Amino acid sequence: MQKEARNYDKIVNRDEITDAAAAAFANAGQVPEKYVRTEEVLDGVVVGEDESYELPVVDMARLLDPESAALEIGKLGDACRNWGFFQLTNHGVDEEVIQRMKDSTVQFFSSPLESKKKVAVRENGFEGFGHHYSRASGGKLDWAESVILITQPPQDRNMEMWPTNPPTFRDALEVYSVEMIGLAMKLLGFMAADLGVEREALVGAFTGRRQSMAIHYYPPCPHREKVMGITPHTDGLGLTLLLHVDGTPGLQIRKGGRWFPVRPLPGAFVVNVADILDVLSNGTYRSVEHRVIPDAERARTTVVIFQEASVGGAVAPLPGLVSKGGGARYRSIGVEEYIKGNFNALAEGTCFIESLRI
Ligand SMILES: O=C(O)CCC(=O)C(=O)O
Ligand SMILES: [Fe+2]
């Protein structure tokens, strides 16, 4: 797909990180009005430390072992149906590749604002350094700074938006991005087995499609009840792979009207079903709303990879699943129209795939 085919004009509107914002992030004794969102933060009960619950954990080593595969595929399927999220252990991704990505990300965010602004978001631009998810919140901003980039396929990249500081960043991201395609494809193969479709039907929908990534830095905030790290949203693409750079928690998943905090397992990825996979699976797998609340004391940094998917140029339920009975639960839509609709919905704070429901 040519990048010219994507025109985000009038849809995407990002905010730059101002000097004032950077100063507030560095010293959060006082939260500027633009970031105060107490009502939103208090919307919905957060499940407390005292309540025991377990977010699903899927073990890649057990998926790969023929002795345990069937059971583990069942766990994977349950996680995608009931939570839309799971933590993935024993993922097999080269630890050095992960470490280089982590180090480069930390170094990027700790560099001076002037340096980060070399890749600042542009008007109507989708990529770059800035505030990315705040639009749904009536002019209020997220307590975070982020970079979003298109990473695959290589011809879709806008290299002028790729940081050169630290000098390791581009190379680390290039290698990491390829590893994440491999990891996504492995997982999708097991998801296909769980859904009862041909491996190629699901893996093929993701093969050669666009990959983008976000790195996020959430400064600590002693007034946690006032600020939102990321506005509640569902992910608009196919599959999301999230890496915790540090051990700081903050991600919360909505289930049954309550927010469940994720307790990051050391060395695990957090994987979630995004909207297009929900559609492909004909609503069997769920793309679930999530948000981030910053920590009171510790900064939090994440690296997030988004894999896009489509079938024959459309976002639609896989034919193999529709024919299984019940009919299509979503109507088919061209992928370009989908992406635009999704951005519009994100800006409005609605969920685009709801409008595709039959
Ligand atoms: O940083 C996180 O924990 C969540 C990021 C996220 O939801 C996103 O980038 O879509
Ligand atoms: Fe997300």
Side-chain angles (χ1 to χ4, degrees), residues 12 14 25 40-41 46 55 83-88 101-102 105-106 108-109 121 126-137 141-151 173 176-177 180 184 210-221 224 227-255 259-265 268-278 286-295 298-308 339 342-343 345-347 349-353:
V12 177
R14 312 294 202 192
F25 285 170
E40 275 179 84
V41 176
V46 178
L55 296 186
W83 287 90
F85 270 83
F86 58 91
Q87 297 203 62
L88 181 69
M101 189 68 233
K102 286 185 176 180
T105 301
V106 168
F108 173 82
F109 283 122
V121 285
F126 161 67
E127 295 175 271
F129 170 71
H131 284 299
H132 281 273
Y133 288 74
S134 320
R135 304 308 302 177
S137 300
L141 295 173
D142 288 349
W143 192 257
E145 48 184 55
S146 310
V147 178
I148 291 191
L149 295 172
I150 296 165
T151 42
L173 177 54
Y176 185 76
S177 134
M180 289 303 105
R210 186 173 273 189
Q211 180 199 65
S212 44
M213 78 96 173
I215 52 176
H216 303 294
Y217 171 73
Y218 309 92
C221 185
R224 292 187 79 210
V227 300
M228 189 82 87
I230 279 192
T231 305
H233 66 281
T234 61
D235 291 346
L237 300 178
L239 188 70
T240 306
L241 306 165
L242 181 145
L243 176 70
H244 281 96
V245 171
D246 39 49
T248 310
L251 178 61
Q252 300 181 348
I253 303 167
R254 203 198 289 266
K255 185 171 162 60
W259 293 106
F260 287 80
V262 175
R263 300 163 185 151
L265 293 174
F269 280 94
V270 176
V271 180
N272 67 287
V273 174
D275 294 348
I276 296 178
L277 181 52
D278 183 325
R286 306 314 313 272
S287 176
V288 171
E289 201 177 16
H290 51 283
R291 68 177 193 177
V292 173
I293 303 293
D295 194 77
R298 291 175 294 168
R300 176 167 187 270
T301 306
T302 55
V303 177
V304 193
I305 291 282
F306 308 101
Q307 298 287 151
E308 194 175 305
I339 297 288
N342 184 67
F343 270 118
L346 199 62
T350 57
C351 178
F352 184 58
I353 62 171

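Remember, it's 1-based here, ligands and their atoms both numbered in the order they're listed. The model shown is predicted, which means the values in this text are computed figures rather than measured ones.
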A.B. asks: Could you identify the N, O or S atom of Asp235 positioned closest to the Fe ion (ligand 2)?
C.D. replies: OD1

A.B. asks: Have His233 and Asp235 got a donor and an acceptor in their side chains that come within less than 3.5 Å?
C.D. replies: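 Present: a donor and an acceptor within the cut-off.
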
A.B. asks: Please calculate the NE2(His290)-the Fe ion (ligand 2)-NE2(His233) angle and round it to 10 degrees.
C.D. replies: 90°

A.B. asks: With distance as the sole criterion, is a donor-acceptor pair present between the side chains of Thr234 and Glu289 under 3.5 Å?
C.D. replies: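 Checked: Thr234/Glu289 side chains show no N/O donor-acceptor pair below 3.5 Å.
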
A.B. asks: Applying the side-chain contact (heavy atoms from CB on, under 4.5 Å) test to Ile230, which of Arg291, His216, Gln252 qualifies?
C.D. replies: His216

A.B. asks: Can you tell me if Arg286 uses its side chain to pair, donor with acceptor, with the backbone of Asp278 under 3.5 Å?
C.D. replies: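 Judged by distance alone, no pair lies under 3.5 Å.
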
A.B. asks: Do Tyr217 and Phe25 have their ring centres less than 6.0 Å from each other?
C.D. replies: no

A.B. asks: Quick one: do Arg300 and Asp295 make a salt bridge, cutoff under 4.0 Å?
C.D. replies: no

A.B. asks: If you measure only the distance, is there a donor-acceptor pair under 3.5 Å linking the side chains of Thr231 and Asp142?
C.D. replies: yes

A.B. asks: List, ordered by chain and residue number, the protein residues whose closest non-hydrogen atom lies under 4.0 Å from any atom of ligand 1.
C.D. replies: Tyr133, His216, Tyr218, Ile230, His233, Asp235, Leu242, Leu251, His290, Val292, Arg300, Thr302, Val304, Phe306

